[in-house]
Amino acid sequence: MIAAANEPEPLPVEAGVWVVVLGELCVFTLFFITFLYYRAFSPELFEESRTLLSRDLGALNTIILLTSSWCVAAAVKALNVPKQRSRALPLLLGALGCGTAFVIVKGFEYSGAINAGINVLTDEFFMFYFMLTGIHLLHLLVGMGLLTATTLHLRSVIATNGVVSEPLVGFASCFWHMLDLLWIILFPLLYLLR
Amino acid sequence: MNTTYTRPPLDARASRNHRIAVWCGMLFLGIPLGWGILGSFLTPPLSPSATPQDIAGFLAEGGVLQKFGLMIALACAGGLLPMSAVLGDQMRRMEGARPVWAQTQFACATLVVWLLSAALVFFAAAAFRADRDPQLILLLHDLGWLTFITPVSMIVLWMTAVGAAILSDRGDSPVMPRWVGYLSIWAALLSAPGFAAILFHSGPFAWNGLLALWIPLVIFLVWWITLTVFLLKAISGEAAASVA
């Protein structure tokens with residue numbers, strides 16, 4: 001590729017990372033199929049319950065996650081150029097800030113639903129809503145742990161002019177993009193699908 | 001392999017013992033076969049919304065074959081422990097002189113065996129007097145399933161500890177391929193939803209559901225078989241290096 005001449009080589013991602021990413025995507029696909037299967041039996045109930053969700057908060061979280069994913073991608077790109085390495089830190093902190101905002105918005109959403117007398121046992125739709133978004137949220141917390149580990153690692157690497165751990169950066173960034181992708185499927189499935 | 005500390009060589013005798021211990025792990029299959037198939041607890045599992053009479057009827061029909069299945073499962077559960085001891089030994093190679101994940105791993109395996117045995121004993125107690133008050137049968141049946149499905153922290157921590165050790169191996173020739181470490185992390189992430197079985201009497205997240213029972217069960221089997229294969233390879237590799 002000639003175009004790649006002034007583009008620095010991206011950091012390699014270990015092949016093993018794909019075991020996690022593809023494995024997660026497979027199992028979440030099963031979650032989604034199960035949701036659609038149950039939905040087919042009682043479309044009216046699912047539609048009625050769906051309208052009780054706050055589409056605005058869901059959309060806000062979509063934007064937050066897309067922003068965080070952009071931050072992570074930009075941070076990885078900055079790491080490719082030795083002179084720009086220090087720019088990765090604020091970008092990763094930005095992604096972590098977005099992650100925190102996502103958790104807070106989700107907290108508002110959950111507490112709003114619970115105050116309205118809705119919980120995980122209300123009906124089948126809300127069972128899926130709370131379980132699928134809850135499992136996604138647990139994964140997101142793991143992802144934030146990975147981003148935090150990456151940030152701490154980069155801080156010490158930049159301070160000591162050391163070598164960046166490619167496996168850590170590769171795993172954390174791919175995992176974060178996967179969380180974003182899963183949310184982008186989850187959001188229309190739960191909030192928008194009529 | 002970390003070379004900052006000396007490790008006794010894996011001689012022929014040790015290598016043989018380690019192999020036998022790994023194969024002991026195969027006994028674990030006695031649980032799905034004995035409890036699940038012979039005992040017909042998995043073919044298919046009774047729903048949490050089954051009536052006490054349904055459950056009493058199921059256990060009365062099970063008869064001697066069901067009790068025999070439970071006996072096989074109870075006898076086999078401990079097979080995970082020798083395998084876990086070898087796993088811990090290989091994890092010490094990954095971690096170096098101050099292993100913590102290897103220790104955590106063995107504690108988790110011990111508790112998983114203990115919890116599986118406890119669940120099987122609850123089922124055995126239900127089958128032991130299938131003619132007792134159906135409400136009590138219901139209680140024992142609930143206890144069996146909830147003990148089996150919901151204490152996820154031990155299994156999640158077990159898989160995470162193995163993954164952490166494999167991924168922290170910085171040697172030139174890693175003890176296990178790094179993708180096995182990532183597989184362990186994946187398995188840990190998706191074994192977690194089982195705890196929600198406390199909430200539901202039906203549906204995919206109930207104890208007989210796709211997402212609380214079948215997916216974690218398949219994931220555990222995939223993880224455990226992969227580890228068995230790569231443990232045997234790791235022993236061969238270390239034994240060959242010890243001879244050279």
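Note that the structure is predicted; figures quoted are calculated from it, not measured. FYI, side chains are in, hydrogens and waters are out, and symmetry mates aren't considered; it's all heavy atoms of this structure. Order of the sequence lines sets the chain letters (A, B, ...), proteins ahead of strands, with each chain counted from 1.
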Heavy-atom count check: over 12 atoms from other residues, nucleotides or ligands less than 6.0 Å from [X] [atom1]?
| X | atom1 | value |
| --- | --- | --- |
| A:Trp70 | CH2 | no |
| B:Trp214 | CH2 | yes |
| A:Arg87 | CZ | no |
| A:Glu48 | CD | no |
| B:Trp101 | CH2 | no |

message: Looking at every heavy atom in both B:Arg170 and A:Ser165, which two are closest together, and how far apart are they?
response: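 Reported closest heavy-atom pair: NH2-OG, 4.4 Å.
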
task: State, to 0.1 Å, how close B:Trp186 and A:Glu24 come at their nearest heavy-atom pair, and which atoms those are.
output: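 For B:Trp186 versus A:Glu24, the nearest heavy atoms are NE1-N, 3.2 Å.
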
message: In the structure I gave you, are the side-chain heavy atoms of B:Pro204 and A:Met131 within less than 4.5 Å of one another anywhere?
response: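 Result no, sub-4.5 Å side-chain heavy-atom pair not found.
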
field: Within-4.5 Å side-chain heavy-atom neighbours: A:Phe31 and B:Ile215
entry: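 A side-chain contact under 4.5 Å exists here.
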
- request: Could you tell me which portion of B:Leu189 (side chain, backbone, both or neither) has an atom closer than 4.5 angstrom to a non-hydrogen atom of chain A?
  value: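 Both parts, heavy atoms under 4.5 Å.
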
In Å, rounded to the nearest 0.5 Å, how long is the span from [atom1] of [X] to [atom2] of [Y]?
| X | Y | atom1 | atom2 | answer |
| --- | --- | --- | --- | --- |
| B:Tyr182 | A:Leu22 | OH | CG | 13.5 Å |
| B:Phe205 | A:Ile135 | CZ | CD1 | 4.5 Å |
| A:Leu121 | B:Leu199 | CG | CG | 5.5 Å |
| B:Leu167 | A:Leu168 | CG | CG | 10.0 Å |

message: Apply side chain to side chain contact (heavy atoms under 4.5 Å, CB included) to residues A:Trp18 and B:Trp179 and explain how you reach the verdict.
response: CA-CA 8 Å; A:Trp18 294 105; B:Trp179 68 262; over 6 Å; no

- request: Take B:Leu190 and A:His139 through the test side chain to side chain contact (heavy atoms under 4.5 Å, CB included) and record every step on the way to the result.
  value: CA-CA 9 Å; B:Leu190 290 168; A:His139 279 71; 4.2 Å; yes

Residue part contacting chain B, namely of [X], when any heavy atom lies under 4.5 Å:
| X | answer |
| --- | --- |
| A:Val142 | side chain |
| A:Glu14 | side chain |
| A:Phe35 | neither |
| A:Phe130 | neither |

message: For the interface with chain B, which of A:Ala15, A:Pro167, A:Gly134, A:Gly16 has the highest count of heavy-atom pairs at distances below 4.5 Å?
response: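 Sorted descending by pairs with chain B, the first entry is A:Gly16.
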
